Amino acid sequence: MKIATWNVNSLKVRLPQVLQWLTDNPVDVLCLQETKTVDEKFPVAEIEAAGYHVVYTGQKTYNGVAILSRHPITDVVKNNPLFEDEHQRIIIGTIQGVRIICAYIPNGQSLESDKYQYKLRWLAGLHALLAQELKQHENVALLGDYNIAPEDRDVHDPVAWQGQVLVSEPERAAFVRMQEMGFTDAFRMFEQPEKLYSWWDYRQMGFRLNRGLRIDHILLSPALAKRCTACVIDKVPRKWEQPSDHTPVIATLD
DNA sequence: ATGGCATGGTTTCCATGA
């Protein structure tokens with residue numbers, strides 16, 4: 001079973017790329033973030049025609065998440081029942097016995113911003129949700145745009161980024177807390193190329209200069225980590241015309 | 001030097017992203 005995550009930065013703009021990518025990479029599950037699409041305008045027919053079931057929750061302009069799956073999706077939950085939130089940032093479903101949590105964690109903007117405090121509160125709510133899901137399910141996977149680069153090796157220029165949003169100590173502590181709950185960063189289970197990231201700034205030739213961050217992750221519960229045989233970042237779509245600034249992460253489960 | 005680019009909506013600028 002292959003599960004993947006991709007922040008598409010507008011599904012309306014990126015739908016052709018999503019369909020192309022799924023043709024090239026027929027994964028079982030693809031979690032999307034930043035669909036930026038209200039539910040009434042979600043491209044259900046196009047995705048179903050590609051052979052995928054889909055569940056989604058969106059809003060106007062911002063945020064929005066979806067799970068695409070080759071297999072039926074059951075027990076769907078939209079948003080975090082333990083954290084009141086105007087934003088559509090979480091969708092959960094069970095696929096082939098795996099509890100798939102698709103999350104778009106807030107950006108935080110800057111340490112001085114109210115949005116940063118919201119991010120930290122949101123992460124505390126996520127911790128509570130994960131604890132609840134772990135009680136109920138053995139196979140839990142959290143896939144998405146975390147907006148956290150866990151370690152300095154996940155940052156192209158750790159000195160320039162030191163203390164900034166996405167790498168600040170409280171954010172990294174929130175990531176560590178998930179690891180302490182039993183989750184494993186699938187990417188770091190395996191030997192990886194150096195300086196491989198999942199996001200690059202659109203500006204100033206960020207991708208060409210490999211000025212990136214690894215902020216999109218797949219965390220696996222203990223039972224799933226045992227089944228994980230590979231995890232890769234696919235940089236190919238970032239090279240396409242009019243790309244998302246993020247690129248997909250894929251984990252393979254036995 | 002707080003810019004640079006991309007997206008969607010309130011559309012010819014603004015908010016947001018990371």
Side-chain angles (χ1 to χ4, degrees), chain A residues 5-18 21 31-43 56-66 85-90 102-123 126 143-175 187 195-217 233 235 237-249:
Chain A
T5 180
W6 191 6
N7 178 325
V8 290
N9 185 18
S10 169
L11 184 55
K12 184 184 170 190
V13 174
R14 231 66 67 191
L15 180 63
Q17 295 190 20
V18 170
W21 190 80
C31 296
L32 302 180
Q33 302 86 38
E34 283 207 86
T35 53
K36 297 186 175 179
T37 308
V38 293
D39 291 352
E40 295 73 31
K41 292 185 179 173
F42 196 92
Y56 48 88
T57 183
Q59 66 185 82
K60 202 162 72 172
T61 314
Y62 305 118
N63 310 313
V65 286
D85 192 5
E86 302 279 307
H87 296 177
Q88 304 304 307
R89 295 180 175 276
I90 288 184
C102 171
Y104 175 44
I105 292 174
N107 170 287
Q109 198 169 63
S110 72
L111 268 62
E112 299 76 31
S113 170
D114 292 345
K115 296 190 180 79
Y116 181 75
Q117 295 306 320
Y118 163 68
K119 180 179 192 173
L120 296 181
R121 289 199 309 275
W122 199 97
L123 283 162
L126 178 63
L143 305 90
D145 176 358
Y146 287 57
N147 273 312
I148 300 171
E151 300 177 50
D152 279 354
R153 60 178 166 163
D154 301 312
V155 179
H156 69 94
D157 186 346
V159 174
W161 276 87
Q162 191 163 27
Q164 301 291 313
V165 74
L166 311 189
V167 308
S168 75
E169 194 279 329
E171 293 166 84
R172 285 181 166 175
F175 190 87
F187 185 78
K195 303 182 191 303
L196 179 53
Y197 310 116
S198 67
W199 170 88
W200 298 262
D201 202 307
Y202 282 123
R203 298 164 292 188
Q204 298 187 314
M205 300 192 294
F207 183 66
R208 215 181 304 176
L209 298 173
N210 198 29
R211 290 184 183 155
L213 304 173
R214 192 176 71 92
I215 53 176
D216 301 87
H217 310 294
I233 294 175
K235 284 170 74 170
R238 192 61 177 79
K239 301 170 188 173
W240 291 343
E241 286 289 313
Q242 201 179 5
S244 168
D245 43 357
H246 297 252
T247 211
V249 185

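Fair warning: this is a prediction, and the values are worked out from it, not measured in the lab.
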To the nearest angstrom, how far is Glu34(A) atom CD from dC5(B) atom P?
-> 19 Å

Nucleotide of dT7(B), dG17(B), dA18(B) approaching Gln242(A) most closely (side-chain heavy atoms) | dT7(B)

Ile215(A) or Tyr202(A), whichever maps to the more 5' nucleotide of DNA chain B | Tyr202(A)

Would you please test Asn9(A) and Tyr202(A) for side chain to side chain contact (heavy atoms under 4.5 Å, CB included) and show each step?
-> CA-CA 12 Å; Asn9(A) 185 18; Tyr202(A) 282 123; 3.1 Å; yes

Where do Leu123(A) and Lys119(A) land on the side chain to side chain contact (heavy atoms under 4.5 Å, CB included) test, with the steps shown first?
-> CA-CA 6 Å; Leu123(A) 283 162; Lys119(A) 180 179 192 173; 4.1 Å; yes

Report the distance from atom CD of Gln204(A) to atom P of dA18(B), rounded to the nearest whole Å.
-> 18 Å

dG9(B): pairing nucleotide in any strand, Watson-Crick or G-U under 3.5 angstrom = dC13(B)

Rounded to the nearest angstrom, tell me the gap between atom OH in Tyr62(A) and atom C1' in dA18(B).
-> 15 Å

5'-most contact on DNA chain B: His87(A) or Thr61(A), nearest heavy atom basis?
-> Thr61(A)

Which of these passes side chain to side chain donor-acceptor pair (under 3.5 Å) with Trp200(A): Asp245(A), Asn210(A), Thr247(A)?
-> Asn210(A)

For dA1(B) and dT11(B), measure between their P atoms and round to the nearest Å.
-> 35 Å

C1'-based separation of dG17(B) from dG3(B) [nearest Å] | 16 Å

Distance between the C1' atoms of dT12(B) and dT2(B), in whole angstroms?
-> 24 Å

Closer than 4.0 Å, any side-chain N/O of His246(A) to the OP1 or OP2 of dA18(B)?
-> yes

Could you please spell out the steps behind the side chain to side chain contact (heavy atoms under 4.5 Å, CB included) verdict for Gln109(A) and Tyr118(A)?
-> CA-CA 10 Å; Gln109(A) 198 169 63; Tyr118(A) 163 68; over 6 Å; no

For dT7(B) and dA18(B), measure between their C1' atoms and round to the nearest Å.
-> 14 Å

Report which part of the nucleic acid Val165(A) touches: base, sugar-phosphate, or nothing (heavy-atom distance under 4.0 Å, all strands).
-> nothing

Rounded distance in Å - CG (Asn7(A)) to P (dT16(B)) = 17 Å

Starting at CG of Asp245(A) and ending at P of dG8(B), how long is that distance when rounded to a whole Å?
-> 12 Å

Between dC5(B) atom P and Trp199(A) atom CH2, what is the distance in whole Å?
-> 14 Å

Look at the side-chain N and O atoms of Asn9(A) and state whether any lies under 4.0 Å from the OP1 or OP2 oxygen of dA6(B).
-> no

Choose from dA18(B), dG9(B), dT7(B) the nucleotide whose nearest atom is closest to any side-chain atom of Lys60(A).
-> dG9(B)

Using atom CG of Asp154(A) as one end and atom P of dA18(B) as the other, report the distance to the nearest whole Å.
-> 16 Å

P atoms of dT10(B) and dA15(B), separation to the nearest Å | 14 Å

Can Glu34(A) and Asn7(A) be counted as having a side-chain donor-acceptor contact under 3.5 angstrom?
-> yes

Can you figure out which of dG17(B), dT7(B), dT16(B) approaches the side chain of Asn107(A) most closely?
-> dG17(B)

Determine the contact category for Asp216(A): base if any of its heavy atoms lies under 4.0 Å from a base atom, sugar-phosphate if only primed atoms, P, OP1 or OP2 are that close, otherwise nothing.
-> nothing

Counting any heavy atom closer than 4.0 Å, what does Tyr104(A) reach on the DNA or RNA strands: base, sugar-phosphate only, or nothing?
-> sugar-phosphate

Any-strand Watson-Crick or G-U partner of dG3(B), both distances under 3.5 Å | none

Base, sugar-phosphate alone, or nothing: which one does Arg14(A) contact when heavy atoms must sit under 4.0 Å apart?
-> sugar-phosphate

Sequence neighbours excluded, the answer for ring-ring contact (aromatic ring centres under 6.0 Å, His included) partners of Tyr56(A) is Phe42(A)

Interatomic distance where CZ belongs to Arg208(A) and C1' belongs to dG4(B) [whole Å] | 14 Å

